[in-house]
Every structure is written in C-alpha cells, then in structure tokens.
Amino acid sequence: MTTIDVGLKPFDELNREIRACTDDTLVLNDVNGQRYIGCALSNKNITINGTSGNAMGAYLDGCTITVNGNAQDATGDTMNDGMIIIHGSCGDAAGYSMRGGKIFIRDSAGYRSGIHMKAYEEKQPLIIIGDRAGSFLGEYLAGGTIIVLGLHQEGKAPVGYFCGTGMHGGKIYLRCDTLPSDLPQQVSSSDATQEDMQEISAHLESYCAIFDLDKEALLASHFYVLRPNSSTPYKMLYTNV
Amino acid sequence: MGINYLYPDFEVHRDREKCITCRVCERQCANEVHSYDAESNRMVSDDTKCVNCHRCVSLCPTHALKIVKTNHGFKDNANWKGDVIQDIYRQADSGGVLLASMGTPKDYPVYWDKMLINASQVTNPSIDPLREPMETKTFLGQKSSKIRRDENGKLITKTDPQLALNIPIMFSAMSYGSISYNAHKSLALAAQKLGIFYNTGEGGLHEDFYQYGKNTIVQVASGRFGVHPEYLNAGAAIEIKMGQGAKPGIGGHLPGSKIGEDISKTRMIPEHADAISPAPHHDIYSIEDLRQLVYTLKEATAYTKPIIVKVAAVHNISAIASGIARSGADIIAIDGFRGGTGAAPARTRDNVGIPIELALASVDTRLRQEGIRNNVSLVVGGSIRSSADVIKAIALGADAIYIATSALLALGCHLCRTCQSGKCNWGIATQRPELVKRLNPEVGSERLVNLITAWNHEIKEMMGGMGINSIEALRGNRLMLRGIGLNETELQILGIAHAGQ
Ligand code: SF4
Ligand code: SF4
C-alpha cells in the first residue's frame, strides 16, 4: 500500500505519481479537489480521503475508487468498468455516458446523473444514489440501471425536473410513493413488478453492505420503474429530400 | 391513398438498339429501378426510384443507359423554384423533417474560386520541384514560443506531442456506420501508405483497424460511442467533436435500422436501437468545461497524444477559436458549412454556418492578434476540392486540411446525395454486405493514394512557382493570394489585396 499526502499538489503531478506507482493499492490523504484522479486506470485501487475533483475516474476501466468525502463533477465520465464508492454526495454529470461498472453514492447527486449511460452485452452499468438526484437524471438514457433511494425524501419523488427526457434504453428505479410530475412522453412508468424487485434486491446487496443500510426495510417500500417507450424514438421524424 | 405530387427527378434512358438484356443494371441497382419483363423480353425501369448514382450507367457493358434530368417542370418562377415546391409537397405528405446528405448543393459563393495564387517573375526565381527539394512535411501541435532549460542550463528538447504529416492533408471524420467497413479500410490503408491520418468519426474503432493506429485519429463525440481507454490510446491523436460543418449546433443520429451486428460491436451499443449523439456534450457548457475534457483525455493517455477540438464554422468562430486555443487543445479543426455528412436535416445543412475560407482567415488573424497562434495548429475542411484549394487554405493560415467528400469521390462516390438511405450503390455509405463488397479496399486505397500524390505534386509545383520551398513558408503567407471580384469587406476578412493591387 502506498500513501500519498496530497495537500495542494497540482493535479498533473499527483496523477503522474499515481500512474507511475507500482503498488496496486493507494491511499490519498488530504485531497483538495484535484482533478482527473484515477482517469482511465485499470489496475489500482484508490482510497481518497477528502474531496475528489472533477472527472474523477473518467474512462475508469476496472479499479475500485472509494471516496471518504464528497466528489465533484463528471465522476466516472465514460467509465467502462470498475467501481466508484462515494461516502458523501457528488456534483453534476456523474456517470455521463458510462458503459460499465458501478457508481454508489451514499447521499445525493447533482444535475444530469447517468445522462446518456449505455449498456452493451455483459457491460451493464449501475448507478445507485442514496438520497436524491438533481434535474435531468438519466436524460438520453440508452442502457443500464439507475436506482434512486430517496432515503430522506419521505416518499416524495427523489429527482428534479426532466427525469429521463429522451430516454431510449435502460431503466430507472425510484423509491417513492409519487411520480415526478413532469415525466416526458418517451418514458413509461409503472409500479415495480416482482421481477423488478428481485433485480433491485440484487443490486442493493453490496450497496447496503457498504453503507450499512437495512436492505429489507428499503425493499419493503414502494418502487416505481421508468422505461423508454421505444428504442427508436426518432424513426418517424424524417422524410428524405 | 392520396395523389403523389412528386414527378421523378430523373429519367432512365435505355437505348433499345444497344440493350442486350444482360440484366446487369437490375443486379447493380439497390434502388430497384430496373427489372426484366419476361413477356416483352425487355428491361423496364421505374424512374421514381432513381437517384442518379450512375452505377448502372458505369456497368452497362454496351453503354445503353444514360440518366437524364427530367425537363418536366413547374411554370417558371424565380421565387418558387421546383425544388422549393417539391419540398413543401414532401413535408405536407409526411410531416417529417427534411433529411439530406453530403454538402449543401446550394449556390453560395465559393471563395476559393475568387482567389488567385501568385508566381515568381524576374525578381525572385521560381524553383523546380523536380530538381530541388520541396518540403511538404508538416507537424501539428502546440509550438512552444519559449526556449526552456533544465536546472543545469541544458536545453529541454521535449516538445508537446505532435502529429507528423508527410503531406498537409488528412481524411476527416467519417464514422463506421455512416460509411462502410471497406470504405474505412480504404482510408486506413491509404493513410498508412501516405504517412498521413484518417479519422474514425464517432462510431468507435473496429477491432480489425487497431493495427492502423499510428495513422488514425480517434474521435470523442457527445455520444461517446465505443470510447474506452484502449480506444483512446489506439490512435495517434484524439479529436473532440464539438460540431460539424454540415450541421452546426445539432447532434447526430444513426437510426436503429442501420445498426447491425458489426456496427453494434464497434459502437458498443445494442443492435437495432437508435444511436443518438446529442447536440451538446453534457459535460461541456463553457471553455473551462472544454478544458476539462481536453485534460481528461490528456490524463487518460498520459500526455502522449495531441488533442484536436473540431468545431463548425459559425458566426463568432474567431472568438470561439480563441477560447479553444486557451483550453489546452493542441489542434483546432474547423469545418466549413459546405462540408459533407451522411445525414443532416436539409434546412440546417443549407442555411447554418459560414464558409470555411472566411472562418479560417478570421480565426488565423484573431489568433495572431492575440499572440496565441502558436498555441495551436489549425486544420480546416468543408469542401476542399483540389490542390489549389489546399494551397489557398494554407496561404490563408491553415497548417493542414481535412478532406472527406474528395476522398469519397476518389472511392467512386457519384455525389447522388442519398447516403441517408443506406443504399449506396458504390459500397461507400451503406452497411449492406452485397453493396459493401463492391468497394475493394485495395483498389480504393490505391485511388486515394493516387489522388493525394497527384495533389502533392501540384502543390509542390505551385509552391515552386511562387519561389517557396517549404509549406512552412507558405503558411499564412497571404501576400501569395489576390482576390478576384470580391468586395471590400470580403477582401478585408480574407486579409488579401485585390488582383492588380
Ligand atoms: S439509382 Fe443508380 S443504379 Fe439505379 S437506375 Fe438510377 S443511376 Fe442506375
Ligand atoms: S457516398 Fe454513395 S450514396 Fe453517398 S453521395 Fe456518394 S454515391 Fe451517393
């Protein structure tokens, strides 16, 4: 295990050190928003104590990054594989275009989480947000699964505006009693079926273990599932000249 | 069913004397225009389906066919022209957005054709490229304006990553999906032979083409299709696509119907689902955000590859370019409004953006004024049609140019402008196996090599004529250009004098 005291080290220096490190386990202490930590890495596990900066774990390809603190914007942008665990909240655009791996956020996420996330064969990305997600959650969603638990929302829809706009694949599970009021027409909503609940249960297994939550209690509440109406929403739009 | 208001644009003329009923045309036309009528033992044709791609004409062994633009038309009207009327019929019929392909066919001024190139006479000698060395090699990337030394006073010779081009011409982005496997392979092979680069577009990189990585630019667009660390590290440079000349301000959309097994694998998305590239990158809302993406890509590739930012030529392009030049990007690629596309809404293609000539001149001027021209290299595209256009672009300030339509023409494209249908009879803009195999990548790459080699000869010849022996000395050398038939404003933007001045 290698420990780096980050302090106010410039990001490029820090990331060069991380890349050059031959150890596969790293602990970064006193992180103060340095950007691009773990970008495109595939062979190291990193614990970040402090606040990770923008684009942490972008293009991540198979490590586990744990943040003891909050994360900023574009966490796990275009992530391909691996796992990001945030013991806190994260900023905007978490998991933008991610294609594989998992992002677990204990508290809330900002705008545009999981936007244009996609899935391909065995690559089935997953984002779980403990409390609440900002507007544009899962916009253009093309694949994968997003779960928002609304832990402190008392049954209110745990999302902001424009949830799932332009969605054409994947699914969004919301733990709540009322639906968001402005769901767009590309999205069809329904109560989670038994099959859905089984899937949610499987996804929550490690999430609840990591964050010390009572899974059964969560599963006892009501979940909605949002799915796209069509995988080819743009088909009827055009005429050839 | 309502009345069809549309009269066929083209008529298939078959010389009955020459036709031997071999049925080649029938097999060759994916639009199913030709068929054999057993009763009369004759070939018949359905003009409504013809797109004037010349495939049947080129393959008819007896030259019995020609395609003629119909002279049937509406009553003459300078305002309500026939195509305007027909577009209204089409939309009234379908309720759809008009979809078109390739560059705009509209009659906008082509400034390349309004600029003339200089040559030496008497006072400085011209150079014979056959006798003397001529340098067309070009390096793209940030050029440091400072000499740096280490603590011992030794010169630091490590430069920012550069793309080395033998000839200042590259093949611009065309995705696997918009064009075929064989078209991509032709471009890759040619780029390798020529020592230049081709560009994956936003469709990912087919596993077979990783071997051409040294001559590949990999693109990252808003859809991030097929983008992962291996892909980013496979190419020689990474291009962030912010925009495209044919459709500035809007995204792309490969319909689910075109996403077969191989495309799905390369883009890493399910078969038959729409592949949507949203108009914006959802992590970029400012130059600061762009900087973030630039640096994410640099970090992902350990600062070994230049990052290109590609934008469409729009009204404030010089301010935008100035921002990009400060974002840490190494190269700015600007795509003019005449640039091609596999599919774009016709109204956008025909009305949005500005000509590349004006965009280039104003960007180069602006970056010089601000003292940041060396922060970036400039690559321009959007209908570069000949070596003369290349010379003019470089003299206006470009470091290199991008071609796509010219490259497709070399591969046999006949500019029928129906790429969006996916039935390209020339095996280029199609994914149908029986059509794709019509394009032989060996032959295709050779034709591309021929084209670029020929242009390179011409470039050297014209440079020699000007008494210039390296591309470096031509770059931004606007004294080598004169305008013809241009007004004051145009001359001022282009930064050139009028012919005779
Ligand atoms: S579409 Fe092409 S191949 Fe078919 S008839 Fe017309 S010109 Fe011939
Ligand atoms: S690529 Fe094919 S379909 Fe497109 S314009 Fe050229 S010949 Fe026509």
Counting heavy-atom pairs under 4.5 Å with chain A, which one of [options] comes out on top?
options: G226(B), A100(B), S101(B); result: G226(B)
options: D93(B), D289(B), V227(B); result: V227(B)
options: Q420(B), H282(B), R90(B); result: H282(B)

Worksheet item: Counting only N and O atoms by type, is there a donor-acceptor contact under 3.5 Å from the side chain of S222(B) to the main-chain atoms of P278(B)?
Response: yes
Worksheet item: Between N68(A) and T47(A), is any pair of side-chain heavy atoms under 4.5 Å apart?
Response: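 The answer is yes, as the side chains (C-beta and beyond) meet within the 4.5 Å cut-off.
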Worksheet item: Got E230(B) and N80(A) here, is their nearest side-chain heavy-atom distance under 4.5 Å?
Response: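 No. Closest side-chain heavy atoms not under 4.5 Å.
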Give the minimum heavy-atom separation between [X] and [Y], together with the two atoms involved.
X: S188(A); Y: P228(A); result: OG-O, 4.4 Å
X: A344(B); Y: R349(B); result: CB-CB, 4.4 Å
X: I103(A); Y: M98(A); result: CD1-SD, 3.7 Å
X: E202(B); Y: A221(B); result: OE1-CB, 3.2 Å
X: C50(B); Y: F10(B); result: O-CD1, 3.6 Å
X: S175(B); Y: R267(B); result: OG-NH2, 3.0 Å

Using a cut-off of under 4.5 Å for heavy-atom pairs, which of [options] has the most such pairs with chain B?
options: D92(A), D61(A), T78(A), L60(A); answer: T78(A)
options: A74(A), A119(A), G143(A); answer: A119(A)
options: K118(A), E139(A), M79(A); answer: K118(A)

Worksheet item: Should the ring pair H116(A) and Y140(A) be called parallel, tilted or perpendicular, given that the plane angle runs from 0 to 90° and is split at 30 and 60?
Response: tilted
Discussion item. Please output the residues of residues 129-137 of chain A in contact with chain B, using a heavy-atom cutoff of under 4.5 Å, in numerical order.
Written reply: none
Discussion item. Only heavy atoms, only distances under 4.5 angstrom. Which residues in residues 5-19 of chain A are near chain B?
Written reply: F11(A), D12(A), N15(A), R19(A)
Does the distance from a Lys or Arg side-chain N to an Asp or Glu carboxylate O, for [X] and [Y], drop under 4.0 Å?
X: R347(B); Y: D87(B); answer: yes
X: D150(B); Y: K158(B); answer: no
X: K298(B); Y: D330(B); answer: yes

Go through the atoms of [X] and report whether side chain, backbone, both or neither lie under 4.5 Å from a heavy atom of chain A.
X: A343(B); result: neither
X: L6(B); result: neither
X: S264(B); result: both
X: F225(B); result: both

Discussion item. Measuring from atom CD1 of I250(B) to atom OG of S277(B), what distance do you get when rounded to the nearest 0.5 angstrom?
Written reply: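 Answer for the CD1-OG pair, I250(B) versus S277(B), is 11.0 Å.
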Worksheet item: So which part of Y96(A) gets closer than 4.5 Å to some heavy atom of chain B, the side chain, the backbone, both or neither?
Response: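 Side chain only.
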Item to complete: Run the numbers on N52(B) and C416(B) for side chain to side chain contact (heavy atoms under 4.5 Å, CB included), then give the verdict.
Response: CA-CA 6 Å; N52(B) 194 12; C416(B) 68; 5.5 Å; no
